[in-house]
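Presented below is the structure to which this report refers.
These numbers come from the heavy atoms of this one structure, side chains and all, not from hydrogens, waters or symmetry mates. Chain naming here is simple, since letters A, B, ... match the order of the sequence lines and numbering starts at 1 in each.
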2 protein chains.
Amino acid sequence: MEKHSDYHHGSLRRALIETGLELISEKGVSAFTLRELAKRAGVSTAAPYHHFRNKAELLEAMAAEGWRMMGEGFEASSAAEETPMERLYAIGRAYITFALEHTPYFRVMSRPDLYCTEEESDYSGTGLEVFEMLKSAVTECYPDRDRSDPVIQATVLNAWVQVHGFSMLWIDGPIRTTSLGKLGVEELMKLLFKTPVTG
Amino acid sequence: MEKHSDYHHGSLRRALIETGLELISEKGVSAFTLRELAKRAGVSTAAPYHHFRNKAELLEAMAAEGWRMMGEGFEASSAAEETPMERLYAIGRAYITFALEHTPYFRVMSRPDLYCTEEESDYSGTGLEVFEMLKSAVTECYPDRDRSDPVIQATVLNAWVQVHGFSMLWIDGPIRTTSLGKLGVEELMKLLFKTPVTG
DNA sequence: TGAGTATCTTAACGGCGTCAAGATTGGAGA
DNA sequence: TCTCCAATCTTGACGCCGTTAAGATACTCA
């Protein structure tokens, strides 16, 4: 990538995504502002509109990138495991790990109202691929069962709900402010994945 | 409550909360605007500031009211059950039922960044009482165990994470857009609460 | 009845997302 | 190498937002 003049930034689109995530990390996604982002990126207020139609489209690009990264994390972490069940656990850990290590990405990803124009309309590329990977991982734990088997459906639902619920409640604060918070993430993940009977 | 003149609304505080929740229900919490709320309530732009210091305080009042309602729902639904375990399931159902039947309340409640000034600072009155009720319900399922017993901690964590994760993923859309959505809420809750081994 | 307080309005400020119009630049084709 | 076009960026503006100061109105209670 060549260095350009002062007038033409050269790779503003990339810079907007990265600096935007920094900004979200500092002040939260609801206080995230296009004008401040432009200022920090060293361009004018209107410059971002040559790379994204509006603010929602920038957030959508962030979310899509995050979902892709999470999918790659799924593959990387499950590839190292031997059994289907271990691969499923690895995926669950990868979900939570991503949420905690790439919190600004996850914050945008888990707010579809920010970047999905309407209900169901353009819901593709928003994590459905990740959901399918989870579903496949569960299916391979029960090779003799159909994909619509209640056991599979229940396990998929439970795994999804667990990793998502834990991630949200951890990064938003509730878990950390209660007695559970003292146990730390690692211990809580062990508890979560070993619970024999659900509440 | 007497009817007042046109100039003095009479019960503006209450009207702002209720009309505000209507507005949130229609356009989402991120598009919720004080100015539009004032217009719909038939008062001037500055009128709400005589009842709430700012927008965050209005949202905080909504959230506090929602948490109180959810707590009452917990008590009402668990009182009808015989065994501790049945009471715990009833509380779990009550959590999800509240999120689905009072979605605008739940949307505000589950966005502590909107009404909590800083991290941990004023986190009281934001659902910790509800968490304590859940914890008590779990503790009574294991009368011979200490409150810090790992089994109890795990069950509390799992129950919380399940009901919260399911509620979020349902009202935000993801679950409904996948194959799981076809099963409906009732069926999914049965699957969730019966899963013998977690994902 | 009159004073004081609670409540509401008007008008303004700066910041926001967005857009139209114009300036600058990089690069493809002569 | 020159020319011109498309891509990129800036300036300046619009309407809407949250918030506040100053003043108007109405209820309350002595």
Side-chain angles (χ1 to χ4, degrees), chain A residues 1-24 26-63 108 111 113-118, chain B residues 1-24 26-63 108 111 113-118:
Chain A
M1 187 62 73
E2 293 285 329
K3 188 65 193 157
H4 290 63
S5 67
D6 278 5
Y7 196 89
H8 278 24
H9 183 287
S11 53
L12 182 55
R13 184 188 162 94
R14 191 89 277 275
L16 288 173
I17 292 180
E18 289 175 5
T19 311
L21 288 163
E22 277 179 28
L23 222 40
I24 290 174
E26 293 173 17
K27 347 184 70 169
V29 60
S30 55
F32 165 62
T33 277
L34 270 193
R35 292 180 105 103
E36 188 174 357
L37 170 59
K39 188 175 298 181
R40 184 173 294 200
V43 295
S44 76
T45 303
Y49 288 86
H50 293 272
H51 300 273
F52 305 97
R53 276 193 320 167
N54 47 35
K55 190 180 181 182
E57 207 174 69
L58 167 59
L59 292 166
E60 184 182 0
M62 292 175 176
V108 179
R111 290 282 306 279
D113 60 299
L114 292 176
Y115 58 92
C116 288
T117 47
E118 275 305 311
Chain B
M1 189 60 73
E2 292 287 326
K3 188 65 192 158
H4 290 62
S5 68
D6 277 6
Y7 196 89
H8 277 25
H9 183 286
S11 54
L12 182 55
R13 184 187 162 93
R14 190 90 278 275
L16 288 173
I17 292 180
E18 289 175 6
T19 311
L21 287 163
E22 276 177 30
L23 222 41
I24 290 173
E26 293 171 18
K27 347 184 68 169
V29 60
S30 56
F32 165 62
T33 277
L34 270 193
R35 292 181 106 102
E36 187 174 358
L37 170 59
K39 188 175 297 180
R40 184 172 295 200
V43 294
S44 76
T45 303
Y49 288 85
H50 293 271
H51 300 273
F52 304 97
R53 278 194 320 172
N54 48 36
K55 189 180 180 181
E57 208 174 69
L58 166 59
L59 291 167
E60 184 182 359
M62 291 175 176
V108 179
R111 289 282 306 281
D113 60 298
L114 292 177
Y115 58 93
C116 289
T117 47
E118 275 304 311

Please tell me if A:His51 has a side-chain N or O lying less than 4.0 Å from either OP1 or OP2 of D:dA7.
no
Less than 4.0 angstrom between a side-chain N/O of B:His50 and OP1 or OP2 of C:dT9, yes or no?
no
About how many Å separate [atom2] of [Y] and [atom1] of [X], when rounded to the nearest 0.5 Å?
X	Y	atom1	atom2	result
A:Lys39	A:Thr33	NZ	OG1	10.0 Å
A:Glu26	A:Ile24	CD	CD1	10.5 Å
B:Leu37	B:Glu18	CG	CD	11.5 Å
A:Leu58	A:Glu60	CG	CD	10.0 Å

May I have the distance from [X] (atom [atom1]) to [N] (atom [atom2]), rounded to whole angstrom?
X	N	atom1	atom2	value
A:Phe52	C:dG17	CZ	P	14 Å
B:Leu16	C:dT7	CG	P	12 Å
A:Asn54	D:dC16	CG	C1'	16 Å
A:Leu34	C:dC19	CG	P	11 Å
B:Glu57	D:dT20	CD	P	11 Å
A:Leu23	C:dC16	CG	C1'	14 Å

Nearest-neighbour nucleotide for the [X] side chain, [options] considered:
X	options	value
B:Ser44	C:dG17, C:dT10, C:dT7	C:dT10
A:Lys55	D:dC9, C:dT18, D:dG18	C:dT18
A:Tyr49	D:dT19, C:dC19, D:dC17	C:dC19

Is the closest side-chain heavy-atom distance between [X] and [Y] below 4.5 Å?
X	Y	value
B:Val108	B:Phe32	no
B:Asp113	A:Ser30	yes
A:Leu16	A:Arg13	no

Please produce a list of atom pairs where a protein N or O lies less than 3.5 Å from an N or O of nucleotides 11-13 of chain C.
none

Hey, which of these two, A:Phe32 or B:Leu12, hits DNA chain C nearer its 5' end, going by closest nucleotide?
B:Leu12
